[in-house]
Amino acid sequence: MRMSGRHFLQIPGPSNCPTPVLAALAKPTIDHRGPEFRALIEGLLPKVAGIFATKNPVVIFPSSGTGAWEAALVNTLSPGDRILMYETGWFAKLWSDLAERLGLLPEVIRGDWRGGADPAAIAARLKADHAHEIKAVCVVHNETSTGAVTSVPQIRAAIDEAEHSSLLLVDTISSLGSLDYRHDEWGVDVTISGSQKGLMLPPGISFNAVSDRALDASGAASHMRSYWDWAPIIEANEKGLFPYTPNTNLLQALDVALNLMLEEGLAAIRERHSYAGAATRAAVRHWGLELQCVDEAAQSDVLTAVRLPEGHSADDLRETVLARSNMSLGSGLGQLTDKVFRMGHLGDFNLPQILGMIAAVELGLTEQQIPFRPGATEAALQELLSIGH
Ligand SMILES: *Cc1c(COP(=O)(O)O)cnc(C)c1O
């Protein structure tokens, strides 16, 4: 059945791609060993490093974010290594499951999925590890299943306070570009990211930004690796090459996306996300519904996860919103399946789109007979006016 009007992709990634990015994808594939590609890579790598705020190399993989999770682990660790992971939600859990399958020994601090990683719990565990058996601390910066942000500087401070030698590995797959992030300044050893969230590209590119300590660790780490090995990629990149066929068309589009981001300005992008987050949370509070993230300081400006009252189905609500308003909302993941729906506000969007999203959800809440207080678009508008937009 034809649906009139545009489709609203309001899931927290993959996000909407701007037209110039889509146009770049439609350009002919180029020779990945030719001068045009070399010029592309020479211009692209410094811009990529800029987004991570690092002076060190950023390794690019032709994969989804999951590949970059694996790459971060197999390049820095050896089989049987103990690592400390904090379960902030579904994505943190997937990462620890992956680590276990790789033969590492993840020790998981289980959070309640309603806030960020607790630096005090991490410091306490590291202090008790007198033999420094824990080789890496792994956290997710923006937990996309719950809408909670972990303070990376606080996690760094926890490791330093414990005077522990562990590496710090951070997943920024859904935060890079959209939230403040500083790989070098915050003392992160490996930053993992992906193309399809804040960077406004389709899925298919992932990243590892690496510190000097991570590079040193990769020299000593004995985990089996081939496709994900940093060293041949970093070496080939110096000549504008990759050791295997890179996804040329996505890299052409990445260059365009980064140019758009630099043109808008990273500070302006973050401000736009913070306005969208504040407006969306104001709407949820007006409805009288509960935010999944209960820590005020940890609220994500990338997405808002909303709990429905007992006895109501979040998946039925999402189905109604899709059928009635041609709008996709994010589903609840893992233990939050059918209990939570997620509104994405990341990447390429403007504020009228956010107000449209709130209105469409309100129509869906009415149709599903979920108890709520109507009028949240006005509440969101007032929030935007009060923060001076
Ligand atoms: C989307 C996402 C992932 C998963 O990446 P894939 O591209 O699906 O492999 C991992 N971590 C976080 C925080 C994410 O938002």
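This structure is a prediction, so every number in the text was calculated from the model and none was measured. Computation of the quantities below employed the complete heavy-atom set of this structure, encompassing side-chain atoms and omitting hydrogens, waters and symmetry-equivalent molecules. Atoms within each ligand, like the ligands themselves, are counted from 1 in listed order.
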Subject >> Intermediate values then yes/no, salt bridge (Lys or Arg N to Asp or Glu O under 4.0 Å), Arg182 and Asp180 >> reply: CA-CA 7 Å; Arg182 307 172 203 181; Asp180 187 20; 2.6 Å; yes

Subject >> Pairing of Lys47 and Asp255 as salt bridge, 4.0 angstrom limit >> reply: yes

Original post:
With the threshold set at 4.0 Å, does a side-chain nitrogen-carboxylate oxygen contact exist between Lys93 and Glu87?
Top reply: no

**OP:** Taking only heavy atoms of the protein into account, state which residues are under 4.0 angstrom from an atom of ligand 1, in chain and number order.
**Re:** Ser64, Gly65, Thr66, Trp69, Phe91, Val140, Asn142, Thr144, Asp171, Ile173, Ser174, Gln196, Lys197

**OP:** Check salt bridge (Lys or Arg N to Asp or Glu O under 4.0 Å) between Arg318 and all other residues, then give those that pass, not counting sequence neighbours.
**Re:** Asp315

**OP:** Would you mind listing every side-chain hydrogen bond (donor to acceptor under 3.5 Å, both in side chains) that reaches into residues 2-13, with sequence neighbours excluded?
**Re:** His7-Asn326, His7-Ser328, Gln10-Gln353

**OP:** Considering only Ile, Leu, Val, Met, Phe, Trp and Tyr, and joining two whenever side-chain heavy atoms are under 4.5 Å apart, list the other residues clustered with Leu303.
**Re:** Val149, Leu179, Val302, Leu346

